[in-house]
Every structure is written in C-alpha cells, then in structure tokens.
Number of protein chains: 2
Amino acid sequence: MKKYIPEETVARLPVYHRYLLSLSKQGVKNISSKKLANILKINDSQVRKDLSYFGKLGKQGAGYEVNSLCTTIAKILKLDQAQAVCIVGMGSLGSALAAYKGFGQLGLKIAAVFDKSENKISHTIRGHLCHDIAKLAAVIKSEKIEIALLTVPAEAAQEIAENLVAAGIKAILNFTPVKLFVTDKVMVNNVDLAVELKTLSFFT
Amino acid sequence: MKKYIPEETVARLPVYHRYLLSLSKQGVKNISSKKLANILKINDSQVRKDLSYFGKLGKQGAGYEVNSLCTTIAKILKLDQAQAVCIVGMGSLGSALAAYKGFGQLGLKIAAVFDKSENKISHTIRGHLCHDIAKLAAVIKSEKIEIALLTVPAEAAQEIAENLVAAGIKAILNFTPVKLFVTDKVMVNNVDLAVELKTLSFFT
DNA sequence: CTATGTGAATGGATTCACAGCC
DNA sequence: GGCTGTGAATCCATTCACATAG
C-alpha cells in the first residue's frame, strides 16, 4: 500500500470495475493482468501497477480472482456506500442529470437539487424537490452531502463554488466552462463539452 | 512551427480562446503570458510554449495582441469553418445534445442525427430529421461529415464505431462507457460520466 | 512453467532559466 | 525595464524486465 496514488490510476479503477463486473456475471473466476490489459487496450504492467497501489491483490501463477477484485475496487471507490450528491443549477443540463438513472449503480444518491429561480424553487423536478440556492449550506450539512454537480451559468460558477466549499463539499464535478479557484483540499473534475468538441475538430 | 503538437496543448487552446474572447469584448488590447497564466491557474511558460507551437505570436516586451491571437486560435481550431457533425443514437443523451445551442459558436453544425428505432426514423427530434442508422455511410458522405457524437447503448458502440470509421469519419466523441478499438488515424475522445463520478467519490 | 509485484528505464509534458528583442 | 521563445532540467506516468511466489 503506497501513500500517493496517481489520479490516472484512480480514473482507471471504474473501467476495471465495469469489466470485472461483466466477467463476474459470465461466471469467469480468474483473470490475468495480461488478459485484462488486452481487452482494455492498455499495457499489462499498467494493470498490475495500478492494482498494486491497493495491496497484493493477485496470486502469482494464477492471476486475479474476479469476484474479490471486483468487491475490493467497489470498496475503494465507495460504490457500496450510497454517498449523497447534489445538483446545483436546474437548467437543461442539470435537469437532464437529475433524470440520469445510473447514480444508484455508482453508489450515489441525489440528496438535493438547487436553483435560484422562483418558478423552480419548491417545485419537483424529475422527482426531486428543488431547494432555494440560498439554502445551499444548510441543506448540504443536514443531508451530509460531500459531492456537488455544478451546472449553473458560467457567471455564477466561481461564487457558488466558494459557497459549496464553505458548506463543506469535498468534490465538485464542474460542468461550467469556468476554471474554478478553490482550496486544493477540494477535488474538482471538469466536464467541458466545448473543449472536447473543439479539440476534436483540430484533429480532423 | 513544430511538427508534433501535444494533445494537452490542443485541449488548452479552447480555454485560451474563450478567455481571449471575453478580454476582447472588454476592450483589452494586449495581455502577457503571465497574466493569462494567472487567470487560468497555470504556469506562464506553459502558455508561451503552447502558443509557440503555432508560430511567434507574441511581441517581446509587449505580450500578445488579444484580437489577433483570438483570431489565430479560432483558425487553428477551425471555429470559422462550420464543420459538419452528426449525433448517432437519439436516446435521452443524444436528444439533449441535439438541443444544445452552443454548436454554432464552436464552428460546428449538426448535419444529421441517427437512430435505429422505427418510431424515431423520419421524425423530427429537437429540430433535426432523424435518419435510419442503416443509412449512416450514405448520409455521412453526402453531408461531408467528419465528426460524430456517439450516444448509442454500450452493446452497439463498437460495431457502430467501425461503421463510422468505414464511412470516413475522422473524429469520434464517445459518450458510451466502451473503449473503442479503431484505427489510430481516427481521433477518439471519451466523455464518461460514470468514470468522472466514481473517480470523485474516491477523493472524498 | 505461469503470472504477480516492483525497481529501473523510458518517454513525454511541465517548469525553469535565460538569451534575445522591444 | 518588460516579456517572449526555447533549450535544459525536472517531474511524473508508463513500460520494461526480472526476481519471486505459487
């Protein structure tokens, strides 16, 4: 078990988990790093090094036991814990996310959604009661929310991010095109469709 | 002008462009790599190195001229060209993307949308006539489409990606959780919400 | 003999540091 | 003085290669 784990490694864990789950359903008992790597089109020592950050999970000569590895990764990623998340900003993207069925499988639960608009507050959107964004801190604390999906307009992003941090949020998935400036104790991941699309068009 | 440009550099260009555009609107004439870097929370020599891949764009002692740099980046990213894109798979995500207003600003135009379902084909979805996915190749060729957004179910992803490549697509933005196996002449970028969310929950 | 776990080597992006120009 | 452009140095993830275990 190492102290420092590269973010790239953590980002591959969900991929390993997804494939191990399907192997498990197919009744496969064991798999080698080489086979796993071939399927995922990566290097086999990458698989071994990634997994070794979390202990000696395999058996020399035999490979990795599918079910137990799957469970171990699920624990590492806290897929067994039903973590509370909130969605801040109920525009078209926020609403679409609120309707996303996959949260449960990911060990996540939408515990609150927020907007500042009068005609959304206190209404139910995609099955979730919309709170006034002014009550962000109170709801985040009472619901013990640690992860926020930020889907507000760009102009509001930085200020609301600061409110989220002050309220005790530990991680933000930022869908706005703004580079958020927050303490590095808070993890920020960015999903920026415009960047993805523009980058692609360079390569055509 | 160098031969090889790191993908990371290309991914930062849209970010530079977005900020330069807002500076331009504010009437700012010049900016130094240091100021730009401070705003974007990156290193100033990173900014200079990135830009230097595309020529000597700045002036020593004076920095970069905002408007001309903005235009130069727009050209590099082909934002001035109205490239044709298609969306393959008109489920909830595909439909949400079809409704996205930002394509025009990005120099992109939705030239076609596809689905295989009888009750979508030949219907108009979010203002776009839905084509039969069986006619993928013909429409891609006639509309000169080079970029595809892939929003089909996971099971179908690899097969359809192969069809897209065969039809002459140059870049795929892959929203499915499947690692696509295609010739490396085709650029593939992945947007995987499940990976983003699971990665975040590790860090809480 | 098979396959893991890991130190060493590699490769590529980031950062430093400074020569050169305004 | 101020600031760019860039070779050199550094940092860090990936890959290699092998000692070790089953």
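Letters go in sequence order (proteins before strands), and every chain restarts at 1.
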Without decimals, in angstroms, what is the distance between [X] [atom1] and [N] [atom2]?
X	N	atom1	atom2	value
B:K59	D:dG5	NZ	P	10 Å
B:D44	C:dC18	CG	P	15 Å
B:Y64	D:dC3	OH	P	12 Å
B:K56	C:dA19	NZ	C1'	12 Å
B:F54	D:dG5	CZ	P	13 Å
A:R48	D:dA21	CZ	P	16 Å

- Message: When you measure only distances, ignoring hydrogens and angles, does the side chain of A:K49 come within 3.5 Å of the base of D:dT15 through a donor and an acceptor?
- Response: yes

- Residue B:Q60, side-chain heavy atoms: nucleotide from D:dC3, D:dA13, D:dT6 that is nearest: D:dC3

- The side chain of B:S45 lies closest to which of these nucleotides: C:dT15, D:dC16, C:dA13? C:dT15

- Query: Hey, is the side chain of B:Y4 poking within less than 4.0 Å of OP1 or OP2 on C:dA13, counting only N and O atoms?
  - Reply: yes

- Query: Side chains of B:S95 and B:R126: do they bring a donor and an acceptor to under 3.5 Å?
  - Reply: no

- Query: Do B:T9 and B:D50 get their side chains close enough for a donor-acceptor pair, meaning under 3.5 Å?
  - Reply: yes

- Message: Any heavy-atom pair between the side chains of A:L97 and A:F175 that's under 4.5 Å?
- Response: yes

- Query: Checking all strands, does B:L51 fall into the base, sugar-phosphate, or nothing category for heavy-atom contacts under 4.0 angstrom?
  - Reply: nothing

- NA contact type, B:L57, heavy-atom cut-off 4.0 Å: base, sugar-phosphate, or nothing? sugar-phosphate

- Message: Check this for me, if you would: do A:K120 and A:D132 make a salt bridge, where the nitrogen-to-carboxylate-oxygen distance has to be below 4.0 angstrom?
- Response: no

- Task: Using a cut-off of strictly less than 4.0 Å between a heavy atom of the residue and any atom of DNA chain C, enumerate the qualifying residues of residues 24-41 of chain A by number.
- Result: A:S32, A:S33

- Task: Answer yes if the ring centres of A:Y19 and A:Y16 are under 6.0 angstrom apart, and no otherwise.
- Result: no

- Task: Evaluate whether atom NZ of B:K35 has more than 12 neighbouring non-hydrogen atoms of other residues, nucleotides or ligands under 6.0 angstrom away.
- Result: no

